[in-house]
Amino acid sequence: VQLAESGGGLVQAGGSLRLSCAASGNLFYINTMGWYRQAPGKQRELVATVTSSGRTTYADSVAGRFTISRDNAENTLYLQMNSLEPEDTAVYYCNADGTYYKNTYWSDFSSWGQGTQVTVSS
């Protein structure tokens, strides 16, 4: 299963951006999708996740400012980011966990996108 992110860019503090992540492949089912980010010199951290039933979780640092959502029919994940702060500057990665069908059986997968840069200027 391949993931492709889009929507990153440069924005001033207080501004908004919307990230998208499209999943593609043959015969797969996605359970949980999420956004992670990695700032220079720091470890990758969880931003938000959403299950197939719509249950969401958020990092404390983004709760109330970011909204994660998904379109199950289109296998697309979104992250609406409002009130952006310079501390939100990072490469944002999409992740998807699920199962796929190949060679007569189902297997688990965990895929990552290539990342999209978000830069917030002060």
Side-chain angles (χ1 to χ4, degrees):
V1 178
Q2 293 78 43
L3 303 177
E5 301 108 333
S6 61
L10 173 64
V11 65
Q12 289 188 332
S16 299
L17 283 175
R18 188 190 194 207
L19 305 183
S20 299
C21 172
S24 62
N26 293 321
L27 297 177
F28 63 93
Y29 175 79
I30 298 176
N31 293 317
T32 300
M33 299 186 80
W35 290 99
Y36 294 73
R37 67 187 182 186
Q38 186 167 18
K42 295 187 177 181
Q43 290 187 332
R44 188 173 298 187
E45 64 177 2
L46 171 70
V47 175
T49 64
V50 58
T51 67
S52 57
S53 61
R55 177 178 293 183
T56 59
T57 61
Y58 293 93
D60 289 343
S61 59
V62 307
R65 300 187 298 121
F66 291 8
T67 302
I68 190 171
S69 62
R70 64 189 279 181
D71 183 332
N72 290 329
E74 297 294 329
N75 289 310
T76 302
L77 178 70
Y78 302 98
L79 184 68
Q80 178 65 44
M81 304 185 293
N82 298 328
S83 302
L84 283 161
E85 304 168 352
E87 293 72 23
D88 296 316
T89 295
V91 177
Y92 284 70
Y93 296 91
C94 172
N95 172 260
D97 294 328
T99 57
Y100 70 99
Y101 186 80
K102 185 176 181 180
N103 296 332
T104 74
Y105 62 90
W106 290 86
S107 300
D108 294 337
F109 74 87
S110 181
S111 295
W112 292 89
Q114 81 286 354
T116 185
Q117 177 70 47
V118 172
T119 303
V120 184
S121 62
S122 57

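Please read these numbers as outputs of a predicted model, since none were measured by experiment.
E87 meets the salt bridge (charged side-chain N to carboxylate O under 4.0 Å, His left out) test with no other residue; sequence neighbours excluded. Among residues two or more places apart in sequence or in another chain, the side-chain contact (heavy atoms from CB on, under 4.5 Å) test is passed with D97 by N95, S110. The ring pair (Phe, Tyr, Trp, His ring centres under 6.0 Å) test applied to F109 returns no partner, not counting sequence neighbours.
With contacts defined as side-chain heavy-atom distances shorter than 4.5 Å, the pair M81/V62 does not qualify.
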Side-chain polar contacts of residues 111-122 - donor-acceptor pairs under 3.5 angstrom, sequence neighbours left out - could you list them?
from, atom 1, to, atom 2, distance (Å)
S111, OG, V1, O, 2.8
Q114, NE2, E5, O, 3.4
Q114, NE2, E5, OE1, 3.4
T116, OG1, G8, N, 3.3
Q117, NE2, A90, O, 3.4
Q117, NE2, T119, OG1, 3.3

Using distance only, find each side-chain donor-acceptor pair of residues 9-36 under 3.5 Å and give its atom names and separation, not counting sequence neighbours.
from, atom 1, to, atom 2, distance (Å)
S16, OG, N82, OD1, 2.9
Y29, OH, S52, OG, 3.2
W35, NE1, Y78, O, 3.2

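Atoms CD and CD, from Q43 and Q38 in turn, are 8.0 Å apart once rounded to the nearest 0.5 Å. Summarising the geometry, atom CG belonging to L77 is positioned 4.5 Å from atom CD1 belonging to I68; distances are rounded to the nearest 0.5 Å. Atom OG1 in T49 sits 9.0 Å away from atom OH in Y58 (nearest 0.5 Å).
Annotation: disulfide (SG to SG under 2.5 Å) contacts involving residues 36-82, sequence neighbours excluded, are absent.
Both Y92 and V50 sit in one connected hydrophobic cluster of ILVMFWY residues. Membership requires side-chain heavy atoms under 4.5 Å apart, directly or through other members.
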